[in-house]
Every structure is written in structure tokens, then in C-alpha cells.
Amino acid sequence: MLQIAILTLWAVGTLAEANSTLSDHVSFTHHTVLDREGLVHLSWIPEKEGITFKLEVATHGYVGLGFSPGGGMHGADIVLCWVDNRGVVHLTDRHAVGNNVPYLDTSQDLRLDWGMENDTHTVVQFYRLWDTCDSEDVKLGTDTVRLIWAYHDEDPLDNSHLLYHTLTKRGHRSVFLAEPPQTEDPLPPHKYWDLTADNLLLPENDHTHYWCKIYRAPDIDRKHHMIAIEPIIQPGHESYVHHMVLYECHIPEDVVEAAGATTADWFQRHINQEGQPCYSPNMPAEWSFCLATNAWAWAIGSEGERLPDHTGMPLGEKYGGATYFMLETHYDNPAYHAPLVDNSGLRIKYTDQLRTYDTGMLLVGSEVNFLQFIPPRQDLFTSIGHCTSECTKQGIPESGIRIISGVLHSHLAGRKMRLRHIRNGIELPVILEDNHYDFNFQASRVPRTETVVYPGDQLILECDYETSTRDMPTFGGLSTRDEMCLVFVLYYPRTALADCRSLPALHTLTTALGIHDIYGHSFEKLVDFMKDIGAGDESGGAQDSESSLTSLLNSLTSETGYKLPNLKKRPSSAPLTEEELLKLPFYAVATPEPEVSPDLTNYRTLLIELLVKIRIKSPSTLHNKTIGEVFATMDWVKDGPKINDMLMKGEHNSLCLAHGRKPLNPYQPTQYPEFKELDKAGRECSRMNFPRRRKMSSREQLNVKPLRSSQPSLSQTKYFVFLIVVALYSFKSIS
């Protein structure tokens with residue numbers, strides 16, 4: 001009878017607890033589905049010292065979650081858990097060596113909150129510190145994390161014997177675990193504007209395709225703010241649309257005065273046209289006016305961006321923003337799938353309920369061309385781009401600018417990126433950083449602390465690349481097989497500064513490669529060309545750079561014997577003349593833009609292909625060799641570190657542009673700044689604050705329901721049937 005009384009009291013206590021308010025319930029701020037079938041769900045909430053996870057998998061066997069340096073099993077920090085036939089939850093902290101069964105860590109650094117198994121799912125909630133101070137664990141934080149996952153229908157035989165999960169029950173996904181939670185407050189009343197491709201047929205012979213199209217903002221009769229963006233990705237094309245950048249199109253005042261034409265005169269004729277391949281001979285020259293001012297940037301892995309409540313991006317040229325925009329969409333199709341017809345784009349949300357501050361976008365990093373040079377066979381090679389103190393003095397007000405967020409961007413060889421901040425010869429905390437960069441996941445990042453950049457400050461973007469499996473150099477360029485080193489910085493209040501980058505000078509690169517002099521005059525003409533494209537559109541602009549490019553190509557062909565392909569002249573950059581406007585309906589276009597006929601030559605790599613054929617004059621050890629022959633015989637493993645140091649610390653040419661590519665400073669040489677580096681000493685690890693184990697409450701035991709489960713969870717009815725059976729059995733044993 002005593003046993004029955006105890007069981008009865010325990011059941012009553014359980015009922016009371018089950019019906020009470022759950023004070024320790026975790027409200028998760030992040031959630032993702034890890035597999036295509038929707039069977040593996042992960043929720044988490046980032047906290048100050050650590051992070052709480054809830055893993056829900058449609059299985060009655062073991063489930064595994066790993067934090068992997070490169071997306072594979074080797075070197076991964078793995079959590080393996082299951083619920084056995086007795087209802088006991090097993091949570092183990094492990095590490096992987098090769099593709100073998102993960103080994104148990106010497107130190108078990110996970111705290112089990114609770115776990116359960118119902119008719120359909122296994123659910124386990126656990127906690128771990130960001131930094132467990134365990135060499136067998138991966139330190140988590142603000143870097144991109146490559147999650148790996150696997151599960152099986154059966155529990156392990158024991159801690160050392162797991163049945164193979166098979167190829168269909170595993171996968172990987174990159175996430176940003178430390179991403180600040182999105183506010184749940186609804187946006188104020190707003191409208192939206194969709195900018196999408198119009199049944200764009202992607203070329204079947206181009207693995208990397210950049211498509212540009214001009215759009216006109218909605219008609220507004222007063223100032224509006226853009227406050228959020230969302231990607232619109234055509235279903236099934238998620239793997240092809242890699243990133244999108246929305247540029248503001250501004251014509252510099254001096255060009256407007258000289259041509260007697262407004263921004264509308266230049267760009268209205270391109271509205272409702274299909275667009276053109278970016279940076280190609282078919283791209284109208286005036287579109288280069290758009291490239292200096294970035295409005296928004298989206299990259300694969302991001303669900304969009306929402307501005308803080310006190311900031312908004314102005315819409316409309318007469319209201320401090322832009323009326324005409326160019327959307328650049330980067331498509332990546334390495335398998336050459338065809339046919340692909342795309343209608344992806346961006347959704348802009350805007351409102352007439354104005355915020356306190358106008359925002360702007362600043363482009364920082366390395367200019368995109370072949371002078372960004374990365375040797376092959378490098379475990380880690382660093383490229384940099386300066387934003388000089390001279391430029392920030394010209395483009396930033398005395399009160400400074402405050403950084404909201406940034407999107408770090410490089411290509412397939414990128415491994416690490418960081419935006420450093422220098423003031424008065426002293427390095428301040430890193431603004432943005434990702435030590436596990438993933439080309440396929442480029443989420444917007446928020447600085448750890450509010451960062452203010454003042455006039456005279458210097459910014460340095462560093463990009464680390466790994467080319468250990470490549471046999472030839474990698475150059476800066478548009479293809480995903482080329483490289484970039486860029487960060488799109490969103491800030492407020494909006495200023496004149498839009499583009500602040502640099503690139504190694506030509507003589508810096510040739511000296512690093514051991515080349516003293518070459519035959520002919522092609523390098524001299526190359527220097528002239530670089531000055532023209534770096535000078536913005538102050539005097540002659542696109543026409544001058546096109547003229548210097550023609551001179552350069554003619555020189556290269558005469559000195560290398562290479563036959564230049566017959567590329568037609570670019571569409572005219574002049575707006576419609578007054579005579580044309582009188583003859584035609586306003587803004588109408590009389591004839592289609594001229595097209596470039598298909599050609600086997602890749603115009604994106606033409607200049608590099610010509611330059612590597614140039615012959616070297618000195619030193620004597622390289623006499624009469626082509627630059628390409630030097631590439632083929634260099635000991636890149638041995639010489640790589642020396643080349644890296646010379647390209648980083650050698651002379652660069654700096655770019656400093658306002659909206660519309662108007663120079664704030666001339667294109668000029670700059671040296672690597674001297675400064676006291678930030679102390680990088682790691683903090684002392686302490687496990688004293690590791691939280692106490694949190695037990696699953698009875699209400700959670702009774703009512704936990706896995707996400708998207710079509711079956712009922714463990715019910716109170718079944719639970720109390722179990723209690724009655726136990727009570728009757730106890731009563732019988734007493735009798």
C-alpha cells in the first residue's frame with residue numbers, strides 16, 4: 001500500500017507540474033532544415049557564453065551533428081546522440097579522424113538538457129560553450145560553420161560500433177551560428193518593388209555568367225526610404241544564382257554639364273530592355289557610371305536584410321538617392337546544365353515613413369583585374385586592398401560614419417577574410433571577420449561592437465586563399481575560377497564616398513616575379529590603361545579608357561604575333577541627341593543596340609592571354625623567355641611566401657571615388673601603412689562557468705512535438721496508462 005501511495009503522490013505531482021507554466025522553456029531564434037526531404041531539423045539560440053541546440057530527426061536510431069573545418073568528416077567536432085530502448089538519452093562528445101567511427105573525446109563538453117523519442121522522431125536538446133578550451137573541439141563563434149549531419153534507423157551497438165549511415169542519410173550545410181536574431185516586430189506600412197530577370201536564357205557554354213539590367217525606381221512624389229530586401233529565387237535555381245549586387249546609376253555633374261544630358265537622358269532608353277552581359281563589349285559604356293555606388297548586396301545563403309529602425313536608404317535622385325539602378329546577377333553553372341531560363345531577382349521594400357538617417361554602401365578591397373595575383377601550390381596566400389587615410393579624409397565627415405553590416409566576398413579559393421581598422425598608427429578591433437569563409441554561403445555580418453570610421457582612418461581588407469591543388473596562377477577577375485577580395489559595407493549617415501580600393505602597382509607585381517624589364521612598350525601602355533580605368537570619369541572617362549585599351553591591345557598583338565579577334569565597337573555611350581529626341585517619341589530608341597557576334601575568344605581572359613606571351617629582356621637568367629614560360633618553371637612552393645610579402649607590402653595604386661565614379665582623389669601610389677598591430681593573444685580558457693545541467697521538465701516530457709511531424713507526440717493519456725500499469729503491478733507484488 002505504501003508503494004501505491006508513493007506512486008499516487010508522484011503522479012499528482014507530475015500532473016501539477018505538467019499543468020504549470022513552463023518557466024525554463026527555450027524560445028529558439030534560429031531554425032534550418034538540413035536535408036531536402038525535411039527530415040532533419042536544427043534549431044538554436046546563441047547566448048553570451050554558449051549556444052543551445054535542438055536536433056529533431058525522423059528516426060529511431062542515432063543522430064549526429066558535426067562542426068567541420070572543410071565540410072567533410074575528417075577533423076570534425078561531432079555530437080552523437082540516441083535514445084535507447086529503456087528511454088535513456090545518450091549524448092556523446094566526439095572527434096573524427098578520417099572517415100572512421102568518431103572517437104570519444106577525453107573531455108565531454110556537452111550538457112544534455114533533455115531528449116526523447118516518440119512514434120516518429122528522436123529529439124535531443126543540448127548546450128555547449130562557444131569555446132570549450134578542448135583541443136578536440138572546434139571553437140565556435142562569428143565564423144561561418146560547416147555543419148555536417150548523419151543519422152541511422154538503428155541505435156549504435158555500443159560506443160565504438162555504429163552502423164554506416166549510408167550516402168542518403170548524411171549531408172552538410174553552412175550556417176552563421178552567431179547571427180543576431182531577426183526582430184519579430186513587423187515592418188511599418190510599406191510597398192515593394194520587384195527587380196527580376198525577364199525569362200533570361202543562360203548561355204550553355206559559360207560556367208560563370210554575369211548579367212546586368214537597368215531598372216527605374218517606382219514613381220514617387222516625396223522622399224521614401226528603402227528598408228529591406230529579399231531574394232526572389234526561381235524555384236529549382238537556388239544553386240545557380242550565386243550573388244546579386246544592386247548599383248545606383250549616377251551621372252557626375254561635370255559630365256551632365258559637358259553633355260547637356262541628365263541621368264534620365266542616359267538611362268531611360270535602357271528601361272524594359274532585356275539587359276546585357278556585364279563587362280562585355282555589348283554592355284553600353286554609360287553603365288560603368290553605375291559601378292561606383294552599391295545600394296544593396298545579396299549572396300547565396302542569405303535570406304535578405306532589414307535595416308535598423310533608425311536608418312533607411314533614400315530612393316529617388318531628387319531625394320538624395322537614385323532613380324535608375326543596375327542589377328548585376330552572378331550565375332554559376334559549373335556543370336553547364338541547359339537549357340536554363342531564369343526569372344530571379346530582388347524584392348525591395350520601401351516606405352514614406354522616413355527614418356532618422358540615410359544609409360550608404362561603401363565598396364572596400366581590391367580592384368578586380370589581373371594585378372591581383374595568387375600563385376599556385378599555396379596553402380595560404382594573402383591579398384589585400386587599402387582604403388587610404390587620404391581617401392577617408394576626403395569622403396567622410398568629421399562626425400564619422402557608423403557601420404551597420406557588411407558582406408564579405410571572394411571566390412572558390414577564398415578561405416579567410418577580415419576587415420582591419422587603423423587609426424593614428426594603432427590597429428583597432430577587427431570590424432568584420434570570417435576564418436571559415438564559404439563561397440556558397442555569404443551572409444551579411446554585423447560588427448561585434450558598434451564601429452565608427454572617422455576621416456583619416458585606414459581600412460585594410462585581407463583575403464586568404466588556398467591554391468594547393470592548382471597548377472597555374474589565379475588572377476583577379478569575374479569568373480568563379482578567378483578571384484575577388486571585396487567587402488560591401490553598409491553604413492550611415494550617407495556620404496559622398498562610394499568606392500575605396502587599391503591594387504598592387506604593375507612594377508610591384510613584376511618585381512615580385514623577378515622580372516626587371518621586357519621587350520617592347522606593352523607594359524608602358526598597360527600602365528596608361530590602368531591609370532585611365534582608375535581615374536574614374538573625370539576627363540574623358542570611358543572613352544579615354546577604351547582608347548588606351550585599344551592602344552594596349554594593338555601593342556600586345558604586334559609584340560606577340562597574336563591575332564586580335566574582331567570585336568565590334570561597344571554601343572555608343574552618348575545619350576540621344578536633341579535631333580533624335582525631336583524625331584522620335586521621347587526616350588524611344590530608333591534601332592536595337594549593336595551586338596557582338598559569337599566568338600571563341602573569352603574577352604574576360606584576353607588581356608592575360610596576351611600578356612603571358614610578352615618576352616622578358618632582363619634579368620639575364622630570364623632573358624628571352626615569355627612570362628608564361630616563367631610561370632611554368634617557377635618553384636611556387638618555395639617562392640610563394642616572398643611573392644606574398646612583396647605584393648602586400650609593396651606599392652599599390654589607390655582608388656577613391658564618389659557616386660557616379662567621380663574621383664575624390666587622383667588615382668595615385670600608396671604604401672602599406674605602418675601601425676601597431678592589435679594584440680592577438682588569446683584569452684585564458686576557463687571552464688568554471690560551464691552551466692549546470694538543465695533537466696527536462698515534465699511538461700516538456702509530455703508535450704514535446706517535433707517540427708512538421710504528422711504523427712502525434714507522446715500523449716498524456718499514454719503516459720498515465722503507463723503509471724496505472726506500474727501501480728497495478730506494484731499492488732500485485734505486495735499482495
Side-chain angles (χ1 to χ4, degrees), residues 142-144 174-176 179 208-212 229 231 233 239-247 278-279 290-305 326-332 346 360-369 372 374 381-387 403-420 430-447 459-467 474-491 498-503 604 655:
T142 57
D143 298 327
T144 295
S174 289
V175 298
F176 182 22
E179 180 182 17
T208 291
H209 191 64
Y210 283 76
W211 186 256
C212 286
I229 63 165
I233 307 300
S239 63
Y240 303 117
V241 184
H242 185 265
H243 74 260
M244 293 179 277
V245 180
L246 186 65
Y247 297 95
C278 307
Y279 317 107
C290 307
L291 296 174
T293 307
N294 304 279
W296 296 93
W298 171 90
I300 188 169
S302 170
E303 296 181 359
E305 187 161 6
M326 182 175 78
L327 180 63
E328 172 191 295
T329 304
H330 174 192
Y331 295 96
D332 194 40
L346 290 177
M361 184 78 81
L362 173 62
L363 184 60
V364 176
S366 174
E367 293 181 68
V368 182
N369 69 48
Q372 183 191 0
I374 307 164
F381 190 94
T382 304
S383 291
I384 66 168
H386 301 283
C387 179
I403 294 179
I404 299 172
S405 63
V407 176
L408 298 164
H409 181 70
S410 64
H411 286 171
L412 290 172
R415 296 295 179 268
K416 301 179 182 182
M417 299 182 70
R418 58 202 157 271
L419 181 60
R420 303 173 71 178
V430 172
I431 300 174
L432 299 168
E433 184 174 25
D434 188 355
N435 289 307
H436 296 290
Y437 177 82
D438 184 352
F439 169 75
N440 293 306
F441 182 82
Q442 301 177 42
S444 177
R445 295 175 180 274
V446 177
L459 302 176
I460 302 175
L461 181 64
E462 295 182 347
C463 301
D464 296 340
Y465 303 97
E466 190 254 311
T467 60
T474 300
F475 298 92
L478 301 176
S479 168
T480 53
R481 298 171 187 172
D482 301 325
E483 270 307 329
M484 291 186 178
C485 182
L486 299 172
V487 59
F488 302 92
V489 178
L490 186 64
Y491 71 91
D499 191 342
C500 189
R501 292 180 287 163
S502 78
L503 199 65
R604 294 194 298 253
L655 188 74

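Each residue takes its place number in the sequence, starting with 1. These numbers come from a predicted model, not from an experiment.
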- Task: Start with the C-alpha distance between Ile431 and Val489, add both sets of side-chain angles, then the distance that settles side-chain contact (heavy atoms from CB on, under 4.5 Å), and finish with yes or no.
- Result: CA-CA 10 Å; Ile431 300 174; Val489 178; over 6 Å; no
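- Every side chain to side chain donor-acceptor pair (under 3.5 Å) that Thr474 has, sequence neighbours left out, goes to Arg470.
- Of the residues listed (Ser366, Ser502, Cys500), the one engaging His386 in a side-chain contact (heavy atoms from CB on, under 4.5 Å) is Ser502, and it is the only one.
- Between Ser410 atom OG and Gln372 atom CD the span is 9.0 Å, to the nearest 0.5 Å.
- Separation of atoms CG (Leu486) and CZ (Arg501) is listed at 6.0 Å; rounding is to 0.5 Å.
- To the nearest 0.5 Å, atoms OH (Tyr331) and CE (Met244) are separated by 8.0 Å.
- Between the CG atom in Leu346 and the CG atom in Leu246 there is a gap of 6.5 Å [rounded to 0.5 Å].
- Looking only at distances, no side-chain donor or acceptor of Glu179 sits under 3.5 Å from a matching main-chain atom of Arg445.
- The two residues Val430 and Leu432 come nearest to each other via the heavy atoms CG1-O, 3.3 Å.
- Taking every heavy atom of both residues into account, Tyr437 and Gly414 meet most closely at CD2-O, 3.6 Å.
- Of the listed residues (Ile403, Leu419, Ile404), just one forms a side-chain contact (heavy atoms from CB on, under 4.5 Å) with Pro447, and that residue is Ile403.
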- Message: Let's go through Leu655 and Glu367 carefully: what are the C-alpha distance in whole Å and the side-chain angles of both, what is the deciding distance for side-chain contact (heavy atoms from CB on, under 4.5 Å) to 0.1 Å, and is it a yes or a no?
- Response: CA-CA 8 Å; Leu655 188 74; Glu367 293 181 68; 4.1 Å; yes
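- At a threshold of 4.5 Å between non-hydrogen side-chain atoms, the residues Asp482 and Val368 do not count as touching.
- Scored by the side-chain contact (heavy atoms from CB on, under 4.5 Å) test, Tyr491 finds Leu362, Ile401, Thr495 as partners (sequence neighbours excluded).
- Scored by the side chain to side chain donor-acceptor pair (under 3.5 Å) test, Asp438 finds Ser174 as partners (sequence neighbours excluded).
- Residues meeting the side chain to side chain donor-acceptor pair (under 3.5 Å) test with Arg418, sequence neighbours left out: Glu462, Asp464.
- The two residues Ile229 and Trp298 make their nearest non-hydrogen contact at CD1-CB, 4.4 Å.
- Proximity of Cys485 to Tyr465: side-chain heavy atoms (C-beta onward) are separated by under 4.5 Å at one or more points.
- Residues that satisfy the ring-ring contact (aromatic ring centres under 6.0 Å, His included) test with Tyr240, not counting sequence neighbours, are His237, His337.
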- May I have the step-by-step check of side-chain hydrogen bond (donor to acceptor under 3.5 Å, both in side chains) for Glu483 and Ser383, ending in yes or no? CA-CA 10 Å; Glu483 270 307 329; Ser383 291; over 6 Å; no
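- Lys416 contributes atom NZ, which lies 9.0 Å from atom CD of Glu433 (distance to the nearest 0.5 angstrom).
- Checked against side-chain contact (heavy atoms from CB on, under 4.5 Å), His436 has the following partners two or more places apart in sequence or in another chain: Asp143, Arg146, Asp434.
- Contact of the His243 side chain with the Phe488 side chain is not registered, since no non-hydrogen atoms from C-beta on lie closer than 4.5 Å.
- Taken from CE in Met326 to SG in Cys278, the straight-line distance is 5.5 Å, to the nearest 0.5 Å.
- Leu363 places none of its side-chain heavy atoms less than 4.5 Å from the side chain of Tyr247.
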